[in-house]
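Please read the structure below before turning to the comments.
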Amino acid sequence: MKPLQFDPAHCTLCPRQCGGDRRRRTGRCRMPEGAVLARAALHRWEEPPLSGTQGAGTVFFSGCALGCVFCQNQAISQEDFGKEVTLSRLREIFWELIHAGAHNIDLVNPSHYAHVVAEALEEPLPVPVVWNSGGYDRVETLRALEGKVQIYLPDYKYPDTQGAARYAGAADYPQVAQAAIREMVRQTGPYQLDANGILRRGVILRHLLLPGRLPQAKAVMDWVAETVPPKTVLFSLMSQYTPWGRAEAFPPLDRPLRRSECQAAKAYMENLGLEGFIQEEDAAQAGYIPAFDLTGV
């Protein structure tokens, strides 16, 4: 395992490899060298093996290199709301969540802060660390985190170059995400649950079902079934989509999901025999979006 390479004057952490100066916020993610957080709290809306009975210890990072037009976390991912914290404060936050009963430390959108995460986890934590990303991660960066992250929670959003380019400005997303997911699975091996059904190690692979993109959802599930051996990863089909951000300018993303789309995707997942979770259709509500108000920061 090679140490993480990070040059604040020429950042190449994420697949954009934009070479931005993080000291001056000139990178694609628009973020400084230090971590910027918007919220840190127990979160009970993750998949059951993550939320458990106490909740996941979620830490929401600000900024994003992907920029999906429909992002429900727009206030922090694209409008950059948040507060910069020191490395020591980040560690304190981890421990505050652990003392509050968190089953894990759930790092939400950490890709552009891999250098901070790696340093913060030099001393292991007593609970698993979750890398909760959009799936747009450099393999080289992930390899430098091996042993520090026990659970990966990527969202494989776009299996098609056209959709990735239109909705995220990242035509390379499909091949990048596939390579990243393979690396995540290599690191963790088959998923491991404890006696209480809490995930201790492994990969939960998410897919957010989008309006008008049922064929793409099926393509994602086909890829998982063909690529990953059974009993290796858990698949999470999410139906919480709500038109948000700039979605109104990108039909059919300007409408909610249809029940027929949700039911067809669910049936396809079941027919493939993918093991995991299917989100209830009533999750498509703005009320499920966390309050980004610096809680816990």
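The first residue of the sequence shown is numbered 1, and numbering continues consecutively from there.
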Check: Thinking salt bridges, do Asp160 and Arg213 make one under a 4.0 Å N-O criterion?
Finding: yes
Note to self: When you group the ILVMFWY residues by side-chain heavy-atom contacts below 4.5 Å and let the links chain together, are Leu50 and Val59 in the same group?
What the structure shows: no
Notebook entry, point to check: To the nearest 0.5 Å, how far apart are CD in Gln263 and CG in Leu257?
Noted result: 12.0 Å
Note to self: So Cys71 and Gln78, do their side chains get closer than 4.5 Å, heavy atoms only?
What the structure shows: yes
Margin query: Please give me the minimum heavy-atom distance between Ile278 and Lys266, naming the atom from each residue.
Written below: CD1-CG, 3.3 Å
Item checked: Nearest non-hydrogen partners of Pro128 and His103, listed with the distance -> CD-O, 3.4 Å
Checklist line | From CA spacing to verdict: side-chain contact (heavy atoms from CB on, under 4.5 Å), Leu153, Glu47 | finding: CA-CA 10 Å; Leu153 183 61; Glu47 285 76 4; 4.0 Å; yes
Next item on the list: Evaluate the side-chain proximity of Val203 to Leu234: yes if any heavy-atom separation is below 4.5 Å, no if none is.
Entry: no
Margin query: I'd like to know if the side chain of Asp194 and the backbone of Gly197 have a donor-acceptor N/O pair within less than 3.5 Å.
Written below: yes
Next item on the list: Grab the two heavy atoms, one from Val127 and one from Ala102, that are nearest each other, plus how far apart they are.
Entry: CG1-O, 3.9 Å
Note to self: Under a plain distance cut-off of 3.5 Å, with no hydrogens placed, do Tyr241 and Gln72 share a side-chain donor-acceptor pair?
What the structure shows: no
Notebook entry, point to check: Looking at side-chain heavy atoms only, is the closest gap between Glu119 and Leu90 below 4.5 Å?
Noted result: no
Check: Hey, what do you get for SG (Cys11) to CG (Leu13), rounding to the nearest 0.5 Å?
Finding: 4.0 Å
Next item on the list: State, without any angle test, whether Glu275 and Tyr191 hold a side-chain donor-acceptor pair at a distance under 3.5 Å.
Entry: yes
Notebook entry, point to check: Has the side chain of His115 got a donor or acceptor atom that lies under 3.5 Å from a matching backbone atom of Glu33?
Noted result: yes
Margin query: Could you tell me if the side chain of Ile204 sits less than 4.5 Å from the side chain of Ser236, heavy atoms only?
Written below: yes
Next item on the list: Go through the steps to decide whether Ser133 and Asp137 satisfy the test side-chain hydrogen bond (donor to acceptor under 3.5 Å, both in side chains), and finish with yes or no.
Entry: CA-CA 8 Å; Ser133 77; Asp137 293 293; 2.6 Å; yes
Check: Is a side-chain donor-acceptor pair under 3.5 Å present for Gln187 with Tyr152?
Finding: yes
Margin query: Looking only at the side chains, is there a donor atom on one of Glu46 and Asn132 sitting less than 3.5 Å from an acceptor on the other?
Written below: yes
Item checked: Minimum heavy-atom distance between Pro126 and Arg200, given as atom pair plus value -> O-NH2, 4.1 Å
Check: Do other residues, nucleotides or ligands put more than 12 heavy atoms under 6.0 Å from Glu248 CD?
Finding: no
Next item on the list: May I ask you to test the Ser62-Glu84 pair for a side-chain heavy-atom distance under 4.5 Å?
Entry: no
Checklist line | Arg28 backbone acceptor or donor facing Arg30 side chain under 3.5 Å | finding: yes
Checklist line | Inter-residue atom distance His207.NE2 - Leu274.CG, 0.5 Å rounding | finding: 12.0 Å
Note to self: Could you work out, with ring pair (Phe, Tyr, Trp, His ring centres under 6.0 Å) as the rule, every residue matching Phe235, not counting sequence neighbours?
What the structure shows: none
Checklist line | Inter-residue atom distance Leu193.CG - Arg201.CZ, 0.5 Å rounding | finding: 13.5 Å
Note to self: Tell me whether Gln17 at atom CD has more than 12 heavy atoms from other residues, nucleotides or ligands lying less than 6.0 Å away.
What the structure shows: yes
Next item on the list: Establish whether Phe70 and Tyr173 are linked, either directly or via other cluster members, by ILVMFWY side-chain heavy-atom contacts under 4.5 Å.
Entry: yes
Check: Is the closest basic N to carboxylate O distance between Glu96 and Arg91 below 4.0 Å?
Finding: no
Check: Is there a path of hydrophobic side-chain contacts, each under 4.5 Å between heavy atoms of I, L, V, M, F, W or Y residues, that connects Val85 with Phe6?
Finding: no
Next item on the list: Decide yes or no for Leu208 and Gln240: does some side-chain heavy atom of the first lie under 4.5 Å from some side-chain heavy atom of the second?
Entry: yes
Checklist line | Path from Leu66 to Val139 over hydrophobic side-chain contacts below 4.5 Å | finding: no
Note to self: How close do Pro256 and Pro243 get, counting heavy atoms only, and between which atoms?
What the structure shows: N-CG, 3.8 Å
Item checked: Closest approach of Leu42 to Ala100 (non-hydrogen atoms, all atoms of both residues) -> CD1-O, 3.6 Å
Next item on the list: Might you work through the side-chain contact (heavy atoms from CB on, under 4.5 Å) test for Asn109 and Asn73, ending with a clear yes or no?
Entry: CA-CA 10 Å; Asn109 196 25; Asn73 292 352; over 6 Å; no
Note to self: Return the CD to OG distance between Glu280 and Ser239, rounded to the nearest 0.5 Å.
What the structure shows: 7.5 Å
Margin query: Using the rule given for side-chain contact (heavy atoms from CB on, under 4.5 Å), can you reason through Glu226 versus Asp222, listing the C-alpha separation, both sets of side-chain angles and the distance that settles it, and then say yes or no?
Written below: CA-CA 6 Å; Glu226 294 166 2; Asp222 285 338; 4.1 Å; yes
Checklist line | Contact check, side chains of Asp293 and Arg39, non-hydrogen atoms, under 4.5 Å | finding: yes
Check: Using 30° and 60° as the class limits, which term best fits the ring planes of Trp45 and His43: parallel, tilted or perpendicular?
Finding: perpendicular
Check: For Val297, does its backbone N or O pair with a side-chain atom of Arg89 as donor and acceptor, under 3.5 Å?
Finding: yes
Check: Looking only at atom types and distance, does a side-chain atom of Asn271 sit under 3.5 Å from a main-chain N or O of Ala267, one as donor and one as acceptor?
Finding: yes
Check: What residues, two or more places apart in sequence or in another chain, satisfy ring pair (Phe, Tyr, Trp, His ring centres under 6.0 Å) together with Phe292?
Finding: Phe60
Item checked: Residues Arg143, Glu140: salt bridge by 4.0 Å N-O rule -> no
Check: Just by distance, do the side chain of Arg138 and the backbone of Thr12 share a donor-acceptor pair under 3.5 Å?
Finding: yes
Next item on the list: Taking the six-membered ring of Tyr113 (Phe, Tyr or Trp), confirm whether the NZ or CZ of Arg22 is under 6.0 Å from its centre and within 45° of its axis.
Entry: yes
Note to self: Using the rule that Ile, Leu, Val, Met, Phe, Trp and Tyr join whenever any side-chain heavy atoms are under 4.5 Å apart, tell me whether Met184 and Phe277 fall into a single cluster.
What the structure shows: no
Next item on the list: To the nearest 0.5 angstrom, please state how far the CD1 atom of Ile93 sits from the CD1 atom of Ile98.
Entry: 12.0 Å
Notebook entry, point to check: Between Thr188 and Gln150, is there a donor-acceptor pair closer than 3.5 Å when you use the side chain of the first and the backbone of the second?
Noted result: no
Note to self: Closer than 3.5 angstrom, by distance alone: can the side chain of Thr232 be matched with the main-chain N or O of Val228 as a donor-acceptor pair?
What the structure shows: no
Notebook entry, point to check: Judged by atom type as modelled, is there a donor-acceptor pair below 3.5 Å linking the side chain of Arg255 to the main-chain atoms of Pro211?
Noted result: no
Next item on the list: Answer whether the closest heavy-atom distance between the side chains of Leu205 and Val224 falls below 4.5 Å.
Entry: yes
Check: Could you go step by step and tell me if Arg16 and His112 meet the side-chain contact (heavy atoms from CB on, under 4.5 Å) rule?
Finding: CA-CA 10 Å; Arg16 300 282 188 190; His112 48 299; over 6 Å; no
